[in-house]
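Reading through the structure tokens given below for one structure.
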2 protein chains.
Amino acid sequence: MGSKITLKDLARILNVSISTVSKALNDNPEISIETRAKIKELAESYGYVPNNIAQSLKSKSTKTIGVIIPAILLEFFSKVLYGIEIEATKRGYKIIICLSNELQQKESESIDTFINGSVDGIILSVAEETQKTKNHTHFLKSEKYNLPMVMFDRVAKDISCDKVTVDDFEGAYEATQFLHELDSKNIIFINPISNISVGESREEGYVKAIEDLSLEPLVLKVEHYNQIEKELTKILNNQKVDAILAADEYSAILAINVARLNGYNVPDDISVIGFTNGLMAEHSIPSLTVVSQHAENIGRTSVEILLDRIQGKLPEQPVHKVVKTNIIERNSTKKR
Amino acid sequence: MGSKITLKDLARILNVSISTVSKALNDNPEISIETRAKIKELAESYGYVPNNIAQSLKSKSTKTIGVIIPAILLEFFSKVLYGIEIEATKRGYKIIICLSNELQQKESESIDTFINGSVDGIILSVAEETQKTKNHTHFLKSEKYNLPMVMFDRVAKDISCDKVTVDDFEGAYEATQFLHELDSKNIIFINPISNISVGESREEGYVKAIEDLSLEPLVLKVEHYNQIEKELTKILNNQKVDAILAADEYSAILAINVARLNGYNVPDDISVIGFTNGLMAEHSIPSLTVVSQHAENIGRTSVEILLDRIQGKLPEQPVHKVVKTNIIERNSTKKR
DNA sequence: GTGAAAGCGCTAACAT
DNA sequence: ATGTTAGCGCTTTCAC
């Protein structure tokens with residue numbers, strides 16, 4: 001009980017006007033100190049809380065950000081979400097989450113739930129299906145409805161909006177070089193995510209590095225993780241491999257396991273690097289050297305750009321920020 | 001551009017009243033079929049979308065649920081969140097997320113952001129700090145402001161509200177029995193989380209089952225995951241072990257690795273079961289048999305209860321639902 | 001069949 | 001220093 005006391009109620013109780021109460025509670029100097037005090041006290045005693053919906057309607061600002069992510073069970077996205085939440089809260093914004101579950105349909109619906117005034121801007125990462133179909137018409141609504149939008153990590157090239165990405169090409173390039181500096185000459189690239197853009201970029205970075213080093217590229221593409229044990233074992237038995245670069249974290253962990261089961265010592269015989277700095281990387285045996293994408297940082301940066309855009313602090317031209325990857329050295333690679 | 005066309009705008013364009021437009025768009029039979037068609041067409045062509053904030057103010061319903069979780073980087077909570085999102089979306093609700101980061105202060109602030117009318121109800125899991133201090137006064141606001149609240153997993157006993165929990169004791173008990181039915185006689189319990197309540201309950205369930213089966217309990221408590229390899233190897237070398245029950249997912253994965261590295265075949269020589277059905281469990285080699293807490297189910301159930309409560313479908317008395325755990329059989333346990 | 005008017009709860013320009 | 005009024009965008013009762 002006791003719920004939902006309004007300005008009107010307070011005004012009636014004190015026999016003053018609604019606007020007096022409103023001004024008093026907002027510390028408007030137009031109202032006398034005593035009246036302000038009296039009104040505040042009453043409001044306090046009744047546990048008055050201003051109705052946020054009414055304020056939003058009036059101010060045309062919801063102080064809310066809409067976030068659309070393809071999946072929350074991928075640790076990368078939880079981490080980005082973490083960064084988003086921290087930064088949004090810090091700047092006084094709430095976040096509404098929608099999951100596209102990698103489906104274009106759900107992604108489009110999510111955008112629809114956001115263009116009705118319930119958020120001040122959108123942060124999203126493109127669904128896998130959308131990346132395949134390349135049908136980006138639903139993203140145009142952002143512009144049509146004047147709703148600022150920031151895309152992170154998986155972005156749509158043909159959509160003009162602020163973007164935050166990771167330099168996957170560069171990350172893979174550097175990781176390959178890193179392995180080469182450890183005296184590895186036979187570096188294999190395992191790619192279970194070749195169907196999404198980041199997987200592609202990583203592969204390209206690897207291939208380029210291999211070429212620049214005048215080595216032989218060796219790419220193992222798989223559709224499912226469960227193929228890795230068999231396929232990799234086959235390769236290990238047929239050719240010399242002294243380093244593995246994996247396009248994501250699981251495949252790196254699996255690679256370590258497979259190598260060990262085949263009698264190789266990691267890192268003495270084979271060095272392993274994976275993409276994404278997750279929990280598994282930290283806890284595997286041996287712990288995994290990774291290319292960290294700084295997921296949390298991506299989240300924070302996306303919020304910064306979005307809010308700066310909303311607050312008109314950015315040039316008209318879309319901003320594209322590339323978050324640098326870096327290598328976190330652990331025990332799956334030889335020490336230099 | 002083109003943004004924010006309102007009923008008023010449409011009305012002016014067609015030279016009809018606002019209410020006519022509103023009724024037409026809502027298919028009110030008061031309005032003639034032709035007018036309805038004409039208005040709808042115009043609305044469509046202008047890309048009219050009703051303002052959700054205004055609708056909420058009018059209807060006093062936001063169709064939004066506030067969710068407060070202690071951490072998003074714990075996979076359990078991401079999974080619950082996943083379940084919450086799926087079910088909420090299914091029932092036409094949006095979700096706003098706040099993270100307490102295990103802090104009472106942030107938890108309390110999060111509740112404050114929800115009692116201002118921006119959500120129709122709250123779903124939360126109690127922050128670790130709050131569990132320690134046992135200061136639950138901030139939870140009373142839910143009742144004071146008539147805001148339905150559902151607590152899941154970590155609940156506050158002295159707060160009267162709907163609750164959804166997991167039976168960890170029972171889960172461990174059944175897992176132990178399960179291993180015994182596989183002819184295991186020397187079942188070890190690995191507990192890296194003995195300091196938190198769920199870790200305790202699981203250990204108690206294991207011990208009780210072992211007693212009921214007249215077996216010898218063998219508990220390995222560790223402070224950090226990195227102790228598991230060494231400690232478990234020592235045990236494996238000194239005594240017979242034919243089954244392992246691990247209090248969480250990661251320790252189970254490590255246990256499999258350690259067993260394999262010591263020359264044991266999993267599951268032929270040693271069966272392994274872990275708590276929590278996460279991604280690692282699915283992808284490890286061999287895949288891990290787990291006690292699933294049905295995190296997703298917990299999330300869905302919480303939403304169901306909350307919305308049923310909001311819609312007045314529940315008895316006045318708070319509801320407490322215990323979600324049963326169950327065993328998901330994979331390849332780390334012998335086939336029956 | 002259509003429109004006028006009130007009101008959701010709040011803010012703020014404009015009286016007094 | 002306080003009150004009146006209008007209005008955010010929408011729904012809905014009540015008149016015409």
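First the proteins, then the strands, lettered A, B, ... as listed; each starts at 1. Everything numeric in this text was worked out from a predicted model, so none of it was measured. Values below: all heavy atoms of this structure, side chains included; hydrogens, waters and symmetry mates excluded.
- A/I72 and A/S78 make their closest contact through O-OG, 3.0 Å (heavy atoms, listed as atom of the first residue, atom of the second, distance).
- The main-chain N or O of A/A156 is found under 3.5 Å from a side-chain atom of A/K163 such that the two form a donor-acceptor pair.
- Sequence order on DNA chain C of the closest nucleotides to B/A54 and B/V16 puts B/V16 first from the 5' end.
- Computed from coordinates, the B/D27 CG to D/dT12 C1' distance equals 16 Å when rounded to whole Å.
- When the P atom of C/dC10 is taken as reference, atom CZ of A/R12 falls 12 Å away, rounded to whole Å.
- Of the inter-residue distances, the one linking A/K90 atom NZ with A/L307 atom CG reads 11.0 Å to the nearest 0.5 angstrom.
- Residue-level contact check: A/K60 touches the backbone only, with heavy atoms under 4.0 Å from sugar-phosphate atoms and none from bases.
- Atom CG of B/L14 is separated from atom P of C/dT2 by 11 Å (rounded to the nearest Å).
- Taking atom CD1 on B/I18 and atom C1' on C/dT2, their separation rounds to 14 Å, with Å as the unit.
- One interatomic measurement links the two molecules: CD1 of A/I53 to P of C/dT11, which rounds to 14 Å at whole-angstrom precision.
- A/D162 places a side-chain N or O within donor-acceptor distance of the main-chain N or O of A/V319, the cut-off being under 3.5 Å.
- Within the 4.0 Å cut-off from OP1 or OP2 of C/dG1, not a single side-chain nitrogen or oxygen of B/S32 is found.
- At a threshold of 4.0 angstrom between heavy atoms, the contacts of A/S56 with the nucleic acid are absent.
- A pairwise comparison of heavy atoms in A/R36 and A/N28 identifies NE-O, 3.6 Å as the closest pair.
- For D/dT12, neither phosphate oxygen OP1 nor OP2 lies less than 4.0 angstrom from any side-chain nitrogen or oxygen of B/S22.
- In terms of polar N and O atoms assigned as donor or acceptor, the side chain of A/S19 comes within less than 3.5 Å of the base of D/dT4 in a complementary pairing.
- A sub-4.0 Å separation between OP1 or OP2 of C/dG9 and a side-chain N or O of A/Y48 is absent.
- If you check every strand for non-hydrogen atoms under 4.0 Å, B/S59 touches nothing.
- Look at CG on B/N28: it is 15 Å from P on D/dC14, rounded to the nearest Å.
- Heavy atoms of B/K8 sit under 4.0 angstrom from primed sugar atoms or phosphate atoms, though from no base atom.
- A donor-acceptor pair is defined here as one N or O able to donate and one able to accept, closer than 3.5 Å; no such pair exists between the side chain of A/S302 and the backbone of A/M151.
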Intermediate values then yes/no, side-chain contact (heavy atoms from CB on, under 4.5 Å), B/V119 and B/I65 | CA-CA 5 Å; B/V119 301; B/I65 297 171; 5.9 Å; no

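- Taking side-chain N and O atoms only, B/T20 has a distance below 4.0 Å to OP1 or OP2 of C/dG3.
- In this structure, A/N52 atom CG and D/dC8 atom C1' are separated by 14 Å, rounded to whole Å.
- When heavy atoms are screened at a 4.0 angstrom cut-off, A/N26 is found touching the sugar-phosphate backbone but no base atom.
- Here the P atom of nucleotide C/dA6 and the NZ atom of B/K58 are 12 Å apart, to the nearest Å.
- For C/dG9, neither phosphate oxygen OP1 nor OP2 lies less than 4.0 angstrom from any side-chain nitrogen or oxygen of A/Q55.
- Nearest to the side chain of B/N51, among C/dG9, C/dT2, D/dG9, sits D/dG9.
- Taking five base pairs at each end of the helix from C/dG1-D/dC16 to C/dT16-D/dA1, the local helix axes there meet at an angle of 60°, rounded to 10°.
- Residues B/L57 and B/K23 each lie close to DNA chain D; by heavy-atom proximity, the contact nearer the 5' end of the strand is made by B/L57.
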